[in-house]
Structure formats: structure tokens, C-alpha cells
Protein chains: 4
Amino acid sequence: MSSEEPRRRGRRRSEESRLSILNAAFDLVADGGQEFTIEGIAARAGVSKQTIYRWWPTKGDVLLESLAARADAQISTSDHGSYERDLVHFLNQTFKLLRPRGVRRALRSLMAEAQHNPDLLLRFREGFLERRRAALFQIVSRAEDRGDLPPTVRGELIGDIVFGVIWYRMLSTERLLGAADALVLADLLTSAGDADPSRVAAPVT
Amino acid sequence: MSSEEPRRRGRRRSEESRLSILNAAFDLVADGGQEFTIEGIAARAGVSKQTIYRWWPTKGDVLLESLAARADAQISTSDHGSYERDLVHFLNQTFKLLRPRGVRRALRSLMAEAQHNPDLLLRFREGFLERRRAALFQIVSRAEDRGDLPPTVRGELIGDIVFGVIWYRMLSTERLLGAADALVLADLLTSAGDADPSRVAAPVT
Amino acid sequence: MSSEEPRRRGRRRSEESRLSILNAAFDLVADGGQEFTIEGIAARAGVSKQTIYRWWPTKGDVLLESLAARADAQISTSDHGSYERDLVHFLNQTFKLLRPRGVRRALRSLMAEAQHNPDLLLRFREGFLERRRAALFQIVSRAEDRGDLPPTVRGELIGDIVFGVIWYRMLSTERLLGAADALVLADLLTSAGDADPSRVAAPVT
Amino acid sequence: MSSEEPRRRGRRRSEESRLSILNAAFDLVADGGQEFTIEGIAARAGVSKQTIYRWWPTKGDVLLESLAARADAQISTSDHGSYERDLVHFLNQTFKLLRPRGVRRALRSLMAEAQHNPDLLLRFREGFLERRRAALFQIVSRAEDRGDLPPTVRGELIGDIVFGVIWYRMLSTERLLGAADALVLADLLTSAGDADPSRVAAPVT
DNA sequence: TAATAAACGAGACGGTACGTCATGTCTTTTT
DNA sequence: AAAAAGACATGACGTACCGTCTCGTTTATTA
């Protein structure tokens, strides 16, 4: 166990500062007032700017660290017996995470930051987007093992559709995704795509 | 009828300035050097800042006007005989529009701008996103008229999937969408989706 | 007689505009709010900027024209029998003209404008300052004719002292000059200054 | 005793920046090219605008600080045996200080600035004008002690006349004051003024 | 009575400087 | 060391005026 890095010299990094920075960053962006700036974070966290710069390359990275933890903690990929039921469960968990306005604002802000900083985009992808995809693919490969996976919609496209719809909605409107959307999406992804025109879809808003 | 605005008094707006501002804005953001600023646009267009502020509320709106024109001009929704063929054609045209790096950069930048300015987001939605959706829905309603539209994927979800995939890809990676993706997507959207015909889709919110 | 400029073609200069510009300029500067700008004058006078630029080179000149008229109208140099009485009368008239805060503000503003525009300073000197001096020198030369003029204080120095004190007070404080000051100043300028002619001037550096 | 400010925390004010700002301001205004602007000062001093705004409320205050130092350093009020000799000495020193065109330009510019900013005028008065008057009054009170002071010209009027003539000349013309003017002025101020000793001077406000 | 011409209001234009804000770096003192 | 405090150079922001330049309209003089 122990061993743990050879115990560096000097004062140790303040866990208190770290946490108050992460919280300040999230709170500021969640509140929606536009003062999401390094100076604003420092002021709200009661911390010097230098302390932020010492540990994170950009304010986007602060946000990223803050959000990645939340997502990992709140979305499971447990087995519910069938591909479709797993999917519905996954989607509902995800939609629930996105219910608070502040969370959506934070994610939108992070995605926006990443657009004019390629390095941050990379870290965002690896530290967040790909982890969400990996979670989804646990479900997919379990379905594959079960022989549950339909032939039409496979591979990366599944992730592109699921997260595509989620992000597109989040970025372009304030309209939330809900349980009904989870059912329709799961249905689409599990249907074999082989012709029984007798079914009638429900009317869409 | 006529109507003909009553011919206002003073000097008229300079069409030359207007165009050079739109082009300068697009060029700057397309070049990727991060100097996409009002001052940069003004300098490159040979125009005073005030002239920009007089006609557009934010630099995002300049970009929006510049991009909306391009998209309208380059994507048609012509009839190719079947829903699937129409879709493939639409998707390929769209993917082609997005081929140049500069166009993608401009769209990503605009989407990013819109994230911290709700008013701009509104204008972006109405002036761009909804117009793209409307184009797609011409194809959809033609399919409906033909009796070509499968029961599973209908209504707003079609747009959410199509544009969701496109935007998600564009915002999170540099990987282009191509002809193969067009076929798979079109196939998905046209398949009846009835592996388990007993299921009934729940109503969508 | 007549002669009268050969009567140019076209519309004649609008006396109404001219007056409302002069008044607007004076009022703005007298009110003390800092909006003493060409645009402000135009707006308040209900006139276009071009009309101001057509007839005056700078806003200082507008003010100059406005003030010169007032001074000429209100200060006479009538004969009151002695040099000293003429002086006292002249000073009191001048102090009275300067009593309204707005007049002082306008003069101060004009003097200030003239400091960073040599051409305007020239016009200010000729159109205002020298005219005030000339008025004073009517009194002085009348005294000379009478044999009333003391030997000590003569020539330009008289003007420098009188207007020096007036302007210095006006520019550096809000303290008004009054009747008592007129008496002391007149006394100083009329005293022979010959109590002890044996005095020797000190060596000059 | 000591008192010694408790040694504040962060980085200390840069004396180098302070001095180059003061010099840049003076040089710019002395050169007469009209680019006496905050941006110009910053550029010439190799300093950011923010650093100027941090320490001085207006560019006039920069100039004031620059000029006050010079005047304090160059004008003494040493004892030359008599009131008149002291005065002549004081005047000649002052005239000498004003000999360089740049110094006059700077003072005129400062006086002009102060005219549309009452707060600056206050600081100008206390930080400059009143200090010059105080210097002069050292001479006057020494004369009083000696019994040297003539009855006619006393109190504030002395300062008003001396500085009135100086400023009026400086603001309204380019004609320099010289040794001859010093003699005449000193003579005027030291003459007993008793052509008609029966008259009594009125008290000055 | 038509043509010509100057002056007018309105208002857009290219500019310059303003004063403010946020960035990322650096320096000093404290823990 | 690491932290808080805070000064620094940089650079963009959005605003205010500057002086110039069209426009369409009005008023006068000349043909």
C-alpha cells in the first residue's frame, strides 16, 4: 500500500483550496451570471489567482475536473436483463443528471470553452466525453455477449446518436429530455430495422 | 401594394462595408488564429468598429449572418424518388458543406459564442438551426405524402438525430462524416424498426 | 453705399439656426455638465453637425462669438471725471458681468479650449481679450490727456494687472471679485508710488 | 515613534514606472504635438494604461505631480535684505523657470485641464498654486517683520497681482516676462502708494 | 416657370481615445 | 514549497466624439 510518492519538500498542496476552487468554478458558471473568469473564481474561492494557475492550465480544466467527478459518481451501467432495458436505464440516469439548470450550464460552458482551445478539447474528450461513451459501450458489449444486439445500429454510431441527441438538445435549446425520449431512443437503437410496417408510432410533439 | 419603405433621409448604409465585414469575420474565424475579435474584424475589413456595432449586436451575429447565407445557398432538398435517396442526398450535401476546415471552425465558434449569450442563441436557432431543420422536414413531409415514412422514427426526433450526430461530431472531434455515414444514417432512419412488434412506443413529451 | 456682396445664389444662411447654435453652445457650457461637444450643441440646437462645421472652425469659436457680443454690450468706458473713478466704474461693470456662474464657466472653458489650439487662441485674443484691453485703454488715455496718469504704472502693465487679477481669480477659484476689490485695485493703479524716490532696484539675476 | 507602515503584502509599486510616467507626460505635453493622451503617455513610458489609472485619477494629475516637483525644487525665497530685493529675486527665479517653452506649455495644459474638472482644479490649487503663493508669502511676512511692507498693497492682493500677471501672460500670449518686468512689478508692490495719503484702502475680501 | 445652387436635417462612415476588464506573469510577505 | 496579496504588461471591450461624406429637402436667384 503506502509508498505514495517520495514525500516532496515544503508546504503541501492545500486540499481546502482545491475544493473551494472547484466549487467556486461550478457555482459561478451554474449561476449563469457571466462572471465566470479566473479572477471571479479566485475571489469567490478566497484564493489567489496564482494558486489556480499553478494547478490548472485553463479555467475550462477546473470546470472539467469538477464535472467529471459528478458524472462518474452518478451514472451506473448495471445489468437489467436486456439491451433495451439497460439502455433505458442508462438514458434516464443521464437525463436525471442533466435536470439541474446549473449542470447543463456548466457542461455547455465547458463545451464552448473547448471550441477555442484544442488542448482543452482533447482533455475534455478523454476526461469526460470518452468516459461517457465507454460507459455506454459496457452496455453494448453486454448485449453483444447476450446476442441481443441488432444488426443495423452498431459500433461508434450508437454513441454518436445517443450523445449527439443529448448534446444537440442541450446546446441548442432549454427543452429537457425525459422518460418518453428514453423509450423512443432505446426503441430505435434496438429495433432490427426489418419491416413490420403495422406498428404505429405515437404522435410526436 | 408597393409598400416601399418611405426612403429615409440621411446617407445610406454602405453595402460594401457590410460585405467586407461579413467576409472578414468568416475569414478570421476560419483561419483559426484566435484573433477573432471585433477589432480584428474591423481592421481586416477596413472599417471602423462603430460600423460593426451599429448593425450587429455581437460578433456572433456577424458570423451568423455570414454562415446562414452560405448554408441556404448550398443545400437543396430536391426529390430523388424515395425517402431514403432524398435523405442520402441531403446528408451528402451537408457533409460536403462541412468539408472545409474553416466552415467547421466557423460553425463551432458560433455555437460556442451562443452558449454564453442566450439572445444570440435565440437568433442562431431561428436564423440557422431551425432553417436547417425546416429543409430536412421538406424531405420528411414529401415522404409522408408518398407513404414512404416508416412508423418508428418520426417527428422532431428525426431532426434531433440527424443534426445531433452532425453537431456532436463536429464539436467533439475533427473526424469528418462521409458517404458511408450517410448510408448508415439513412438506413437507420428508414428502417421500420420492429424486431419486437409487440412493443408500443410511448408517447413523446 | 450699398456694395453689399453681390447677392449669392441659393438658399440664405438661416439666422434662426445661427442663434440657436450660439445659445445652445452657451447654455451647455454654462450648465456645467460636461456634454459641451459639437454633437451636444447640434442636438440641443436642433441642427445638424454639418451646419456648425460650415460656419465655425471649432466649438471654441462658437463660444467666442457668443461671448464677445455679451461683453461688448455690457461694458462701457464713460467719463466719470477722474482716472480713479473711471477705473472703479470699469471694474465694477466687469465684475458684474462675471457674476453669473454660467458666464464664468463659459469664459473659463473658452480660455481652456484656446490653450490647445493656437489658431483659436489668436482669434480669442483678437476677438475678445484685446477688445477688453482696448476698452481699458480708452480710460487710460483719457487720464493721460487729463494729466491724471501716475508715472509708476503705465502702458501694457496696467492691462496685465487688471486682467491678470481677473482671469487668475476666475480660473483658479470660485471666489468672486467685488466692489471692495475694485477700490483697492483702482487705488493701487492710481497711486504715484513715489514715497521714497531714493530707492535702488536690486540687481537682476 | 517609528510609525513605519506595517509593510503590505504583495508586490511593491514600481518606482521606475512612476518616474517614466511622470517624464513621459511632461515630455509629451512639452513637445506640443497634441498627442497628450493617456495612451500616448503609456506608450512613451513603456507602461500599461492600467498602471496609470491605478495611481492617478486623470492625466492632469500626472502632469500636476510632474510640475509640482520641478517648481518646488527651483524657486527659493532666500533673504536679500529688503522686501523689494526679495521680490525681484523671486520674480526672476519664477520667470526663469518659465523660460522653456515646454514648461509653459505644460502649465497651460494643466490649467486648461483643470477648467473642466473641478476635482482636479482643487488638487491643482492645493498641490501647486497655493504652494507658489505660500512661497511668496514667506517673503511678504519677512517684510512685515522688518517693517518693510508698504500699507497699500497687502494680503491676498499681492498674490493675485503677481500670479495674475504671470498666468495671464502665459495663457494669452507667448510673450515672455523678463527682468524689466520684475523691476516694474516689484516697484509697484513696494511703493507706498501715497499720492493722496488721505485715502484709506478698503479691506480685501 | 423652370433650372440652378446653396444651405439645411438626417445620419452613416473611418477614426482616435476613452476608461474598464480579464489575462497570464512576477514580486513580496506569510504560513 | 505553497499560499495570499497585489502590481505589472498586454490587449480587447463597448462607448463617445471627432470631422467628413452622402442623401433627400427646402429656399432663394437667375435664365
Side-chain angles (χ1 to χ4, degrees), chain A residues 8-14 16-17 34-43 45-55 57-59, chain B residues 6-14 16-18 34-40 42-43 45-55 57-59, chain C residues 6-14 16-18 34-43 45-55 57-59, chain D residues 6-14 16-18 34-43 45-55 57-59:
Chain A
R8 304 227 312 293
R9 281 222 274 168
R11 184 169 174 178
R12 277 198 296 279
R13 178 175 183 183
S14 160
E16 191 188 336
S17 291
Q34 38 264 62
E35 65 282 344
F36 179 55
T37 63
I38 295 270
E39 307 220 315
I41 298 170
V47 138
S48 79
K49 284 196 294 173
Q50 199 53 249
T51 301
I52 300 177
Y53 285 113
R54 212 187 324 267
W55 301 106
T58 73
K59 66 189 171 188
Chain B
R7 237 322 79 278
R8 300 225 324 293
R9 263 240 259 182
R11 183 172 176 172
R12 280 198 290 276
R13 178 174 182 182
S14 161
E16 192 187 334
S17 292
R18 188 184 141 266
Q34 43 264 56
E35 67 280 345
F36 179 56
T37 63
I38 295 271
E39 306 219 317
V47 138
S48 79
K49 284 198 291 175
Q50 197 53 52
T51 299
I52 300 178
Y53 285 114
R54 213 189 321 268
W55 301 108
T58 74
K59 65 190 172 188
Chain C
R7 247 294 118 262
R8 301 229 314 299
R9 273 227 275 173
R11 185 170 174 174
R12 280 198 289 278
R13 177 173 184 184
S14 160
E16 191 188 337
S17 292
R18 187 182 143 266
Q34 38 264 61
E35 65 282 343
F36 179 56
T37 64
I38 295 271
E39 306 220 317
I41 298 169
V47 138
S48 80
K49 285 198 292 174
Q50 198 55 252
T51 300
I52 300 177
Y53 284 114
R54 213 189 321 269
W55 302 108
T58 74
K59 66 191 172 187
Chain D
R7 247 300 115 257
R8 300 229 319 294
R9 259 240 259 181
R11 184 171 176 173
R12 281 199 288 275
R13 177 174 184 183
S14 161
E16 192 187 335
S17 292
R18 189 184 141 265
Q34 41 263 58
E35 66 280 348
F36 179 55
T37 64
I38 296 270
E39 306 219 317
I41 298 170
V47 138
S48 77
K49 283 197 292 175
Q50 197 55 55
T51 299
I52 300 178
Y53 284 114
R54 212 188 322 268
W55 301 108
T58 73
K59 66 191 172 188

Phosphate-side-chain proximity, C:Trp55 and E:dA6, N/O vs OP1/OP2 below 4.0 Å: no

Closest-nucleotide mapping onto DNA chain F: is D:Ser17 or B:Gly40 further toward the 5' terminus? I mean the 5' end. D:Ser17

Could you tell me whether the phosphate oxygens of F:dA7, OP1 or OP2, come under 4.0 Å of any side-chain nitrogen or oxygen in D:Arg9? no

What is the minimum heavy-atom distance between C:Phe36 and C:Lys59, and which atoms define it? O-NZ, 3.3 Å

Nucleotide nearest C:Tyr53 (side chain, heavy atoms from C-beta), chosen from F:dA3, F:dC18, F:dT29: F:dC18

Any N/O donor-acceptor pair, D:Lys49 side-chain to E:dG19 base, under 3.5 Å: yes

Here the pair of heavy atoms bringing C:Ser48 nearest to C:Ala42 is C-CB, 4.2 Å

Does F:dC8 have its OP1 or OP2 closer than 4.0 Å to a side-chain nitrogen or oxygen of D:Arg54? yes

OP1 or OP2 of F:dC18 under 4.0 Å from side-chain N/O of C:Lys59: yes

So which nucleotide from F:dA9, F:dC8, E:dT30 ends up closest to the side chain of D:Val47? F:dA9

OP1, OP2 of F:dA4 versus side-chain N and O of A:Thr51: anything below 4.0 Å? yes

Both C:Gly10 and B:Phe36 contact DNA chain F. Taking the nearest nucleotide for each, which residue is further toward the 5' end? B:Phe36

Compare every heavy atom of A:Ser17 with every heavy atom of A:Ser14, then report the nearest pair and how far apart it is. OG-N, 2.9 Å

Give the rounded distance in Å between these two atoms: CD1 of D:Ile41 and P of E:dA17. 12 Å

Calculate the interatomic distance between D:Ile52 atom CD1 and E:dA17 atom P; express it in whole Å. 14 Å

By nearest atom, which of the nucleotides E:dA17, F:dG6, F:dA4 is closest to the A:Ser48 side chain? F:dA4

Name the residue closer to the 5' end of DNA chain E, choosing between C:Gln50 and B:Glu39 according to the nucleotide with the nearest heavy atom. C:Gln50

Donor-acceptor pair, side chain of C:Lys49 and main chain of C:Ile38, under 3.5 angstrom: no

CD1/B:Ile52 to CZ/B:Arg18 distance, rounded to the nearest 0.5 angstrom? 13.5 Å

Residue A:Ile38, side-chain heavy atoms: nucleotide from E:dT23, E:dA3, F:dA9 that is nearest: E:dT23

Examine F:dT29: is either OP1 or OP2 under 4.0 Å from a nitrogen or oxygen in the side chain of C:Arg12? Give yes or no. yes

D:Ser14 has a side chain; which of F:dC17, F:dC13, F:dC8 sits nearest to it? F:dC8

Under 3.5 Å donor-acceptor pair, A:Arg11 side-chain atoms to F:dA2 base atoms: yes

